[in-house]
Amino acid sequence: MSSNSQFLLTSQPRARWMRFDTAQILKRFFFCERSLLISQAAWIPALAPLDVKTGLARFIWQSAETAEALRNRVFELRFPSRLLEEEGTDHALIELFGAVKNSPSVPAYLLSVGKVLLPALRDAFQEYLQASDSIADGPTHRFLSLAVTEKSEQIAAFEQWSESALGENPGLRESAQAWTQAVARRLSDVGGVGVEPSSSASGGGPLPGSKTYAIPDKPARDLRFWPCRFYWPDIVDPAYPYGEGMQLQLRSAISHLNEVWAIENGGLTLSAFADVLPWEWIHNAARWTYDESRHCRMGYERLMAWGLNPADIPLGTYIYESASGEDPIYRLGMLYFFETKNIRHKPARTQLFHTYGDAISEHDMDFDWADETMHAGYGKHWLKELLAVRGQDPTAYDQVRGHCEKLVRDYVSTATRDEVSAIKRQASALIARAQEK
Ligand SMILES: [Fe+2]
Ligand SMILES: [Fe+2]
């Protein structure tokens with residue numbers, strides 16, 4: 001301190017960013033996370049391995065929680081709420097985060113996110129934590145430190161996923177690397193994520209090699225399982241019993257595993273309505289998608305714990321495919337239809353599992369029931385909101401549900417005689433194997 005200064009002036013790194021500067025950077029992080037998770041959600045159906053689908057669903061939820069905390073923090077900092085809805089001078093950067101949705105292939109998508117976007121976000125979060133004031137901005141430090149840990153885990157997972165996708169498609173390595181370099185170059189052109197004031201660069205148009213994203217008509221499936229459309233005989237034959245005892249234990253675990261369709265529909269609807277519904281939709285849909293991935297894992301873990309072989313376990317596609325080619329509102333409708341159709345059976349089955357002494361099925365079903373109760377609320381609320389923003393009657397949500405029921409019925413009626421006998425054989429074989437255990 002200078003001895004003859006009129007004021008107390010020292011170098012104070014804590015004062016590097018004022019309140020408004022802080023809010024600007026956090027707003028940028030919010031839009032990056034938002035954009036990143038929307039493209040991850042859209043890609044779930046295209047990625048085959050079950051652990052990738054369930055892992056992505058979890059990462060989407062993590063991003064949505066970070067984005068929610070960022071958004072709330074920006075509000076707390078009294079940033080004008082009108083400006084929070086706009087990307088502003090970060091437009092080109094956010095556009096790039098959205099552009100990976102149009103990646104030309106699965107390895108290209110995984111590589112560009114895992115090698116470029118996620119590390120850029122992690123590094124920016126770290127820089128922010130180092131440079132910001134942990135006193136004035138303490139609330140941000142708590143959730144952003146967690147986000148750094150989560151980003152490191154995400155980067156490691158993407159690394160593994162992209163290597164294994166490239167291992168299966170070695171012919172795509174060159175184009176995937178070229179795409180990743182194009183994403184990295186564009187990121188540098190627009191000034192990176194970082195913590196510096198945004199560069200106000202313009203977007204620069206589509207990336208070379210991009211392929212416009214389209215919702216896949218058929219979902220990719222993990223080849224370790226027995227592939228089919230209809231995953232248990234009762235779906236195609238109403239006379240086939242849902243079963244009791246061991247058959248019910250199996251049927252319930254197969255049902256849980258096959259909720260993979262709900263992860264996919266959750267992700268697709270999150271992304272399809274991200275720009276028409278408010279942020280709360282994305283936040284709810286991310287949680288919903290993650291919950292369905294937990295239900296899917298519950299089934300998988302039970303089947304594995306019983307010593308069954310994935311190659312004997314049917315993994316189907318019919319619910320996903322029933323809504324293919326339709327307005328994505330029916331994918332949201334499918335979630336609502338199945339949640340409300342099945343929820344009443346859950347407490348009774350939880351009780352039955354209890355009487356069998358099967359604590360793990362009881363435990364899973366009981367947690368599932370609590371999630372589904374929340375989801376039925378999401379389904380009704382967001383179907384109504386979506387109809388309202390489309391200028392339609394919000395009370396027509398039950399008509400959407402009714403149409404979904406019809407779509408499924410029509411699709412089930414396409415089951416061939418061969419398919420019906422094949423799934424019956426498969427189910428009998430699986431029951432027999434379980435009885436040997
Ligand atoms: Fe579920
Ligand atoms: Fe659900």
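Atoms within a ligand are numbered from 1 in the order they appear, just like the ligands themselves. Keep in mind that the numbers below use all heavy atoms, side chains included, and drop hydrogens, waters and symmetry copies.
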Taking the N/O/S atoms of H295 one by one, which is nearest to the Fe ion (ligand 1)?
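Of all N, O or S atoms belonging to H295, ND1 is the one nearest the Fe ion (ligand 1).
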E259, N/O/S atom nearest the Fe ion (ligand 1)
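For E259, the N, O or S atom at the smallest distance from the Fe ion (ligand 1) is OE1.
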Specify whether an N/O/S atom of D371 falls short of 2.8 Å from the Fe ion (ligand 2).
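Within the cut-off used here (under 2.8 Å), D371 places no N, O or S atom near the Fe ion (ligand 2).
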Assess whether atom CZ of R142 is packed by more than 12 heavy atoms of other residues, nucleotides or ligands within 6.0 Å.
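Result for CZ/R142: open.
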Can you tell me which N/O/S atom of [X] has the shortest distance to the Fe ion (ligand 2)?
X	answer
H375	ND1
E372	OE1
E292	OE2

Is it the case that the ring center of F30 lies less than 6.0 angstrom away from the ring center of W279?
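When the ring centroids of W279 and F30 are compared, they turn out to be within the sub-6.0 Å range.
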W261 ring center within less than 6.0 Å of F338 ring center:
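Between W261 and F338, which both carry aromatic rings, the centre distance is below 6.0 Å.
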CA sep, side-chain torsions, deciding dist, call: S361, Y356, side-chain hydrogen bond (donor to acceptor under 3.5 Å, both in side chains):
CA-CA 10 Å; S361 296; Y356 301 167; over 6 Å; no
May I ask you to say whether D371 pairs ionically with R294, meaning some side-chain N is under 4.0 Å from a carboxylate O?
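Yes, charged N to carboxylate O under 4.0 Å.
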